[in-house]
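Notes follow once the structure below has been shown.
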Amino acid sequence: MRETAADGSVRMGMSRRLDDAPFQCTEPFEFFDFMRVPYRVGGEPVRGAVRWGRCASSGGGDLYWLRAPDGSSGGDLVWGRHRLAGFSIFGSLIPDASAPGALPFGHDWRAAEPITDDAGTRVASVWRDQNGNVALPFDPDEAMRNLWSERYLRALTSATGSRAIAALRRAYYRARPLIPRRLQILMRRGFASARQVPDFPRWPVETSLVDLYDWLFETVAGVAGEPVPWLAPWPDGHAWAFVLTHDVETDAGCRAIPALRDLERDHGLRSSWNFVPLRYDAPEQVLQGLRDEGCEIGVHGLRHDGRDLESLRTIRRRLPAMREHAERWGAVGFRAPATQRNWDWMPMLGFDYDSSYPDSDPYEPQAGGCCSWLPFLNQSMVELPITVPQDHTVFEILQHADETVWLEKVREIRARGGMALVLTHPDYTVDPADRRIVDGYRRLLDEFGGDGTAWCAVPMDVSAWWRARQATRIERGDGEWSIVGPGAERARIRFARAGEPAFGSGKD
């Protein structure tokens with residue numbers, strides 16, 4: 001028996017019979033693990049001039065993918081940014097010039113889809129043979145990780161340039177206490193207007209990662225010759241997620257909480273509120289009032305001075321106080337002031353989840369972004385990306401007249417089944433002459449707050465779900481696919497099909 005939700009997902013399975021798993025891979029495949037595609041690990045490793053992973057499908061076709069070496073291109077591989085089917089990938093690549101001696105043996109390979117450099121020149125190819133086998137000259141796992149971790153920035157900025165930017169950022173935050181707030185805003189506006197917005201990641205919408213997911217799903221479904229099961233990102237048949245968060249930066253922001261919370265209450269919505277432990281006193285009655293309404297309390301650094309993550313020494317010195325306040329407040333989530341982040345250091349903070357990575361933001365002091373509209377894991381920490389442009393960026397820095405950029409971005413995320421995680425600040429609502437944030441937030445909630453296809457959740461619930469989903473698997477028994485694990489009651493099975501994007505067309 002199967003149960004089909006409004007978004008087309010399936011609760012229990014379908015009558016089509018496959019083997020116990022649609023693929024057997026010679027080694028773990030992170031893309032399958034992330035999407036919860038059932039597969040087995042086994043079989044002989046692929047021998048050749050470079051290391052290959054192989055997924056043999058129950059339908060007869062094989063998928064080969066390059067297993068990139070850690071930390072360097074290695075041999076004849078090239079490392080950098082390349083383009084495939086209109087989106088960007090970053091990582092190691094076997095160029096066409098080296099492919100004949102590197103491709104897996106025993107196949108009559110032909111160059112199929114081109115992979116180009118920034119100038120549009122073909123440098124590599126996806127390889128196919130007449131039997132439906134496919135060889136990827138790049139590592140999908142590396143491509144995903146390089147976006148999540150922002151390692152792709154190495155391909156866009158020289159090492160010298162990266163060090164100079166980091167030094168300027170540290171100098172700015174050390175001097176910031178001496179700079180009047182109004183002058184800080186004027187400096188940020190001047191920087192934003194003078195800089196050239198990078199073409200990657202595009203702002204406000206960068207789709208390369210979700211495009212990569214779609215392309216990989218279509219490719220593996222074509223290799224398998226039949227639909228490939230995977231676990232939908234969201235529970236209970238919801239098509240996308242709508243998550244509201246706030247950073248409270250000052251005592252004035254504490255007093256202004258009702259300006260935003262009242263709007264949410266009118267729509268029956270909950271939200272997360274991140275407070276700064278040692279910059280002001282967060283009244284317990286305010287915190288408890290939010291908890292009583294089902295809202296969440298989080299930790300927003302220690303002093304909001306931009307220095308929490310400036311070095312390992314600073315982290316170790318400040319972390320005990322942050323952890324003490326987290327325990328006192330019952331907080332399991334963290335967001336760094338000014339969205340500062342370091343991939344290797346974030347798990348050291350010891351929180352259940354972090355929400356310091358934007359998906360794309362060239363206007364923050366630490367520009368970049370993880371390019372993801374879905375949660376992901378960094379070691380034991382769940383990362384919940386900020387996927388909707390910040391109110392401070394839209395209204396204070398770029399001086400937009402209204403919330404149009406918010407609405408357009410959330411529509412795009414909804415159309416492709418992602419997580420629209422919103423960040424606003426009550427601190428910026430205190431000027432009675434400027435109603436743009438409050439009015440824009442009202443219209444945002446008016447359009448999306450009552451959307452029955454959305455999972456409206458607070459971040460700690462999203463993190464808990466993502467952990468449960470990652471511990472849940474799809475199995476075949478009695479001729480049907482079923483779900484096993486901690487998320488089984490709420491999870492839904494979807495099927496990837498050749499010729500159909502798994503994450504939608506982007507057209508809402």
Side-chain angles (χ1 to χ4, degrees), residues 177 181 242-306 308 318-339 349-356 384 386 388 390-392 395-396 421-442 444-445 449 456-464:
R181 176 65 178 172
F242 189 48
V243 182
L244 305 176
T245 74
H246 310 277
D247 292 348
V248 185
E249 297 184 349
T250 63
D251 182 65
C254 275
R255 296 192 296 271
I257 285 174
L260 300 176
R261 179 64 196 136
D262 288 350
L263 300 177
E264 298 168 351
R265 191 180 297 110
D266 290 344
H267 289 79
L269 298 171
R270 301 177 299 147
S271 54
S272 171
W273 299 80
N274 300 309
F275 293 87
V276 186
L278 297 187
R279 191 179 193 187
Y280 54 84
D281 290 327
E284 178 56 33
Q285 63 267 30
V286 171
L287 303 181
Q288 190 58 48
L290 292 170
R291 295 189 198 102
D292 290 344
E293 292 188 326
C295 291
E296 178 184 351
I297 306 301
V299 174
H300 190 35
L302 187 64
R303 301 180 184 276
H304 207 280
D305 57 3
D308 293 321
R318 293 189 171 196
L319 188 55
M322 287 192 285
R323 296 297 313 159
E324 177 188 349
H325 280 80
E327 293 176 10
R328 183 187 309 170
W329 293 344
V332 300
F334 177 83
R335 176 174 291 140
T339 65
L349 300 176
F351 287 84
D352 178 73
Y353 73 84
D354 169 63
S355 187
S356 302
L384 303 179
I386 305 162
V388 179
Q390 292 188 46
D391 54 348
H392 182 262
F395 297 107
E396 291 286 340
L421 192 149
V422 183
L423 168 55
T424 53
H425 302 73
D427 310 76
Y428 306 139
T429 68
V430 297
D431 183 356
D434 189 352
R435 296 280 302 176
R436 289 175 300 167
I437 292 177
V438 174
D439 291 343
Y441 196 58
R442 177 185 295 109
L444 179 77
L445 300 186
C456 298
V458 292
M460 63 180 179
D461 291 341
V462 179
S463 178

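The minimum heavy-atom distance between A282 and C254, with the atom names listed, is CA-SG, 4.5 Å. Heavy-atom minimum distance, L384 versus P459: CD1-O, 3.5 Å. Across H246 and P426, no two heavy atoms sit closer than the pair CB-CD, 4.3 Å. Shortest non-hydrogen contact noted between V299 and P277 is CG1-CG, 4.2 Å. Looking at every heavy atom in both residues, D427 comes nearest to G253 through OD2-CA, 3.3 Å.
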Is there a side chain to side chain contact (heavy atoms under 4.5 Å, CB included) between R318 and R303 once you walk through the steps?
CA-CA 10 Å; R318 293 189 171 196; R303 301 180 184 276; 4.0 Å; yes
One pair to check against side chain to side chain contact (heavy atoms under 4.5 Å, CB included): R279 and H300. What are the steps and the verdict?
CA-CA 10 Å; R279 191 179 193 187; H300 190 35; over 6 Å; no
Is there a side chain to side chain contact (heavy atoms under 4.5 Å, CB included) between V243 and V458 once you walk through the steps?
CA-CA 6 Å; V243 182; V458 292; 6.0 Å; no
Stepwise, does the side chain to side chain contact (heavy atoms under 4.5 Å, CB included) test hold for C295 with W273?
CA-CA 8 Å; C295 291; W273 299 80; 4.1 Å; yes
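Listed for the E264 side chain is no donor-acceptor partner under 3.5 Å among the backbone atoms of S271. Listed for the D281 side chain is no donor-acceptor partner under 3.5 Å among the backbone atoms of P283. In this structure, the side chain of D308 does not engage the main chain of P337 through any donor-acceptor pair within 3.5 Å. Side-chain N or O atoms of S356 include one that pairs as donor or acceptor with a backbone N or O of A336 at under 3.5 Å.
Residue D439 places its CG atom among more than 12 non-hydrogen atoms of other residues, nucleotides or ligands, all under 6.0 Å distant.
A donor atom on one side chain and an acceptor atom on the other are found under 3.5 Å apart for H425 and D391. There is a side-chain donor-acceptor pair under 3.5 Å between R335 and T245. A donor atom on one side chain and an acceptor atom on the other are not found under 3.5 Å apart for E249 and Y280.
Distance check, rounded to the nearest 0.5 Å: CZ of R435 to OH of Y441 gives 14.0 Å. Between E324 atom CD and L302 atom CG the span is 10.0 Å, to the nearest 0.5 Å. In this structure, NE2 on H325 lies 13.0 Å from CD1 on I297, to the nearest 0.5 angstrom. Rounded to the nearest 0.5 Å, atoms NE2 (H267) and CG (L445) are 5.5 Å apart. Between the CD1 atom of I386 and the CG atom of L423 there is a distance of 5.0 Å, given to the nearest 0.5 Å.
Contact check for E296 versus L290: no side-chain heavy atoms found under the 4.5 Å cut-off. Contact of the T339 side chain with the Q390 side chain is registered, since non-hydrogen atoms from C-beta on lie closer than 4.5 Å. Looking at heavy atoms from C-beta onward, Y428 lies out of side-chain contact with V438 at the 4.5 angstrom threshold. With a 4.5 Å cut-off on side-chain heavy atoms, F334 and Y353 do not count as touching. R261 places a side-chain heavy atom less than 4.5 Å from the side chain of E293. Between L244 and S272 the shortest side-chain heavy-atom distance does not fall below 4.5 Å.
Annotation: cation-pi geometry satisfied between R323 and F351 (NZ/CZ under 6.0 angstrom from ring centroid, within 45° of ring axis).
Considering L263, L269, D262 as possible partners of R265, the one that fulfils the side-chain contact (heavy atoms from CB on, under 4.5 Å) test is D262.
Residues E396 and R436 are not paired through a salt bridge, judged by the lack of any N-O separation under 4.0 Å between the basic side chain and the carboxylate.
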